[in-house]
Amino acid sequence: MTDLTGQLDEAPEGDRLDRLSEWVNPILIKEVRQAMRGRYFKITFCITLMLATLVGLGVLLVLIAEGGDEVVMGPPFFTAMYACLTFAALVLVPFSAFLSMGGEWDENTWDLLVLSNLRPRQIVFGKVLSGMVQSLLYFCTFGPFLVFAFLLRGIDLTAMMVALAVAFVLSFLLTCVSVAVSSLSRGRFTRVVLMVLLSAILLNVAFGFVAWGSQLMFLPAQLHDTEAQLAIAISMSIGIAVAAFFFAVTSARLAHPEENRSSGLRITALLVVLSILAWETLYDWRSPDDQRILLTTCLSFAALWVVSVFFCTEPERLGRRVAVTLPKNPLVAWLVTPLLPGGARGLLYFVFGGLLVTAWMFAYPGLADPSFSYSSGEASVPFVLLAYGVFFLGLPSGLLSRGSGMVAVRVVSRLSIFLFFILCILIPPLIGFLFNVKGLEDFDHPGNIFMVVAGLVSPSPHFAGVGEYGMGGVTLVGVGLLLVVILNAARIYRQGMEMRGAIAARSTGES
Amino acid sequence: MRTALEVKGLTRRFGKTTAVDNATFEVSRGQILGFIGPNGAGKTTTMRICASLDLPDQGDVLIDGISVLDDPRLVRQRLGFMPDSYGAYSDTTIEEYLEFFARAYGLRGRDRRRMIDYVKDFTALGPLEGKLISALSKGMKQRLCLAKTLLHDPSILILDEPASGLDPHARVELRELVIALADLDKAIMISSHILTELSQVCSSVAVIEAGKIRATGTVEDILRSVESSYVEVFVRTLAPLEAVQRALLEEVGVRSVRRHKGGLMVELDGDEQALAGLVQVLVRRGLDPIEISPNVVDLEDVFLSLTEGQVQ
Ligand SMILES: Nc1ncnc2c1ncn2[C@@H]1O[C@H](COP(=O)(O)OP(=O)(O)O)[C@@H](O)[C@H]1O
Ligand SMILES: [Mg+2]
């Protein structure tokens, strides 16, 4: 055996296809082979085809019986075929990806994959790609049916292409989601529950999507509108970004606990937010619209906040394996701090991302249209969101940061952030209602971020606006932030010191 | 002999149970270490940490001097681990299975072909070409899994209970494979809860119980450490057993005497000198000995005495 390794450097030979296959993800090859031989694919494939044939014949018969020549047969026939195809690509394929991921635990092969030094993202990528190959196979098989539908007349080619393209992207997104859901648990019982949930979600999405596709067939003129085109392009690219995020979630979940499970997610989440901002910029480039910009800002903050709930409750330590991967240059290492794992760095991530969004909100309309300006209430929205976001994240996670090394504490910590957020909205009116305190009976109070923002954007008599809380509101926020700083000072200090040590060790070149 | 695998003060806790408690031992090239302990002793946990699949709470494992904590990827290139629950994909043939893992290990083109042929040859899987894994017997699956473990030519092999569930014939074959691998100068760590499986092949043994290493050393070392303390002798006489029992208990150096299969089992302090003394006593007192057979202490007894009889 040892004598064989001496010859490893010889050039590989074989025909071109063989050589090409050397660079294909090995999981993909395995998955496709396994799927083609397995029962699941064979059975579902045959059933789908049979169903499509039967449904197609049925629709044709009904149409002929109803009106003969006058009826335009293209759209209804296409819709029927499209429904079958969508069912295969949006339900069957993602579900098979779910099963295939689960098979790695059930067949005890996961450890073997890890040992072979395949990275989690390679494994997940192979699974998703294999789903796409199956999806493509369905699309090709349905090709003749779709061509036939087109020949029946009444079908707009663009609309058909758009409907197919969107279905494919959605199939990709749902496959990523399914693999991510499958990676949530290795327990058999939980996986059954997840399976039921997932099938419900997939079926719902598929039905909704068929409805969208068919109305597109019957009213293809809506595609000539630039707004509609842009809207489709935007949702597709956001769909891909979200798929990438789920991809990162899965890779992170599957990575070794001591490895860096956070940076990939943090970067992808930031990319998703940036892609939202980029599309809004493109969409409104000629005439910036303050309402839409504010809506985008709020959405971006919400997305950042939700992922930060997970980041700011991470264990504190960098971990041995992360410390050795820090950039060698100390300045760069400090700059990427918000992207590194660790609870305090999670808070920093929110602040960092929030400031980026804020910068966009002020920079972009100014560049596009020099005469553009915000009202003072509007201009304060990002700062209010930032302050509230830090408050809701920092208080519970700071309180529980000591135990963040334990899974149970992390779960409690995450739940308590959401709970805290909801309670801040519910408690004041509840008190007002129970003790009959005047001015507290409604939801219009400083603890309710939604009302605060609404008041800032449109200070109408209907909303109390910032004026009513006045200095009281500002003081409240100030006190809240002070609390956050106090509760988090210790862990910020500790994580800072750990970073300093790790960076010093890296830049002096040891290990 | 170069140390290939070094376990240093390894501790792993799961909640309140301490699965591995400060374990320390090492394996050199060309050596076969038997890792023996009853079920639940912590063998699998130790081996998974060695294979970089799990993390210790304390301590470290060095593979060729590289810590599994610091550079797991480098370690995995040098190490072959065969889990007790060997994984096998359904709907896959032997060929495809090996080819997939060879690809995963980054073997390309002709090298991959050659390596697959080599491991198939080595584990005698050749005749089974084209068979689905689900159609294989347990022994065959085990051999396939070993073949897979050898694909990247690891210098250190960790095999977790490879012999469990195999029929005697398959066990003998496995033993021969393991010896052949050690001859290729690989360091091998092999675990079992059944001692006889390993005593013939192992050059050294580590006995683990309840997470603690009870004894380490060569097989002879361990045997000697137990032998030197006492000898057990089976004695049969023509004289009535009660009389013999009474007489022997009066002698110095006799620890205990108990009835055993129509004779007496005598436990003596000391070594063969004490045995000679016993023979003299029996003859001198006219007790007409017709059988005196010292009980050969083997690994099984050592194991029983070390693990307080929990062997299964
Ligand atoms: N993942 C785990 N979670 C909790 N306890 C575990 C886990 N793995 C092993 N244990 C416990 O650790 C001890 C040692 O187990 P193991 O290493 O599998 O023993 P062996 O392989 O010697 O039979 C057992 O008491 C077992 O219950
Ligand atoms: Mg075990």
Side-chain angles (χ1 to χ4, degrees), chain A residues 1-14 18-19 21-31 33-42 100 103-119 122-123 126 256-259 319-321 323-324 406 408 511, chain B residues 48 51-55 67 69-77 79-93 96-97 99-115 117-119 122 132-133 145 148-155 180-181 184-186:
Chain A
M1 187 158 298
T2 21
D3 52 301
L4 281 165
T5 44
Q7 302 161 25
L8 276 178
D9 44 358
E10 260 177 54
E13 52 178 34
D18 252 12
R19 233 176 304 166
S21 85
E22 299 297 345
W23 304 102
V24 177
N25 183 318
I27 298 269
L28 172 64
I29 299 179
K30 182 211 94 177
E31 287 293 324
R33 267 187 191 152
Q34 233 181 325
M36 294 307 143
R37 191 170 285 133
R39 249 178 314 176
Y40 179 88
F41 184 77
K42 278 184 199 156
S100 137
E104 303 286 355
W105 323 134
D106 292 345
E107 294 179 327
N108 297 312
T109 43
W110 176 256
D111 285 344
L112 301 184
L113 293 185
V114 173
L115 284 171
S116 66
N117 260 345
L118 285 171
R119 290 178 190 276
Q122 276 175 296
I123 299 172
H256 203 281
E258 279 286 288
E259 259 154 42
R320 274 175 92 153
R321 294 185 190 173
V324 295
M406 281 176 281
S511 85
Chain B
R48 282 177 57 84
S52 81
L53 291 172
D54 195 6
L55 291 170
S67 159
L69 295 173
D70 289 338
D71 204 340
R73 296 184 69 81
L74 194 57
V75 162
R76 285 173 199 154
Q77 288 168 13
L79 177 129
F81 173 55
M82 187 161 127
D84 52 354
S85 55
Y86 42 78
Y89 289 108
S90 51
D91 302 318
T92 306
T93 64
E96 288 168 354
Y97 183 80
E99 199 203 306
F100 164 63
F101 279 107
R103 277 178 196 272
Y105 276 112
L107 291 173
R108 297 193 195 290
R110 208 198 302 169
D111 296 320
R112 183 173 67 229
R113 211 38 282 140
R114 199 164 32 199
M115 209 58 197
D117 286 344
Y118 181 83
V119 296
F122 189 82
L132 281 178
I133 295 181
C145 205
K148 179 246 130 206
T149 311
L150 296 175
L151 274 173
H152 61 301
D153 193 19
S155 54
L181 284 168
L184 289 170
D185 205 32
K186 295 179 189 303

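Just so it is clear: chains get the letters A, B, ... in the order the sequence lines come, proteins before strands, and each one is counted from 1.
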Engineer: Filter on salt bridge (Lys or Arg N to Asp or Glu O under 4.0 Å), then keep only pairs touching residues 79-91 of chain B, sequence neighbours left out; what's left?
Structural biologist: none
Engineer: Taking ring pair (Phe, Tyr, Trp, His ring centres under 6.0 Å) as the definition, give me every residue that meets it alongside B/Phe101, ordered by chain and number, with sequence neighbours left out.
Structural biologist: B/Tyr97
Engineer: Is there side-chain contact between A/Val114 and B/Arg76, with at least one heavy-atom pair below 4.5 Å?
Structural biologist: yes
Engineer: Output, in order, the C-alpha distance, side-chain angles, deciding distance and verdict of side chain to side chain contact (heavy atoms under 4.5 Å, CB included) for B/Thr92 and A/Gln34.
Structural biologist: CA-CA 6 Å; B/Thr92 306; A/Gln34 233 181 325; 3.7 Å; yes
Engineer: Working to the nearest 0.5 angstrom, can you tell me the gap between A/Asp111 CG and B/Met82 CE?
Structural biologist: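 Rounded to the nearest 0.5 Å, the CG-CE separation comes to 13.5 Å.
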Engineer: Taking the side chain as every heavy atom from C-beta outward, state whether B/Phe100 and A/Ile27 have any pair of such atoms under 4.5 Å apart.
Structural biologist: yes
Engineer: Rounded to the nearest 0.5 Å, how far does OG of B/Ser90 lie from CG of A/Asp106?
Structural biologist: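 The CG atom of A/Asp106 sits 10.0 Å away from the OG atom of B/Ser90.
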Engineer: Please examine the side chains of A/Asn117 and B/His152, heavy atoms only from C-beta on, and report whether any two atoms are closer than 4.5 Å.
Structural biologist: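 Heavy-atom side-chain distance check fails, nothing below 4.5 Å.
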Engineer: With a 4.5 Å cut-off on side-chain heavy atoms, are B/Thr93 and A/Arg33 touching?
Structural biologist: no
Engineer: Heavy-atom cut-off 4.5 Å, strictly under: side chain, backbone, both or neither for B/Ala88 against chain A?
Structural biologist: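 Contact with chain A is through the backbone of B/Ala88 alone.
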Engineer: Less than 4.5 Å to any heavy atom of chain B: does that hold for the side chain of A/Gln122, its backbone, both, or neither?
Structural biologist: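 It is neither, since no heavy atom gets under 4.5 Å.
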Engineer: Quick check: closest heavy atoms across A/Leu115 and B/Ala51, and the distance to 0.1 Å?
Structural biologist: CD2-O, 3.4 Å
Engineer: Tell me which of these, A/Leu112, A/Asn25, A/Val24, has more heavy-atom pairs under 4.5 Å with chain B than the rest.
Structural biologist: A/Leu112
Engineer: If you measure from NZ on A/Lys30 to OH on B/Tyr89, what distance do you get to the nearest 0.5 Å?
Structural biologist: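 Interatomic distance, A/Lys30 NZ to B/Tyr89 OH, rounded to 0.5 Å: 3.5 Å.
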Engineer: Would you mind checking which part of B/Gln77 comes under 4.5 Å of any heavy atom in chain A, side chain (CB onward), backbone (N, CA, C, O), both or neither?
Structural biologist: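 Its backbone and side chain both get close to chain A.
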Engineer: Need one label for B/Arg113: side chain, backbone, both or neither, based on atoms under 4.5 Å from any heavy atom in chain A.
Structural biologist: neither
Engineer: Check whether B/Thr149 gets within reach of chain A through its side chain, its backbone, both or neither, counting any heavy atom under 4.5 Å.
Structural biologist: neither
Engineer: Pick from B/Ser155, B/Ser52, B/Pro72: which one has the most heavy-atom pairs with chain A under 4.5 Å?
Structural biologist: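 Top count of heavy-atom pairs under 4.5 Å with chain A: B/Pro72.
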Engineer: Apply side chain to side chain contact (heavy atoms under 4.5 Å, CB included) to residues B/Arg73 and A/Arg119 and explain how you reach the verdict.
Structural biologist: CA-CA 10 Å; B/Arg73 296 184 69 81; A/Arg119 290 178 190 276; 3.3 Å; yes
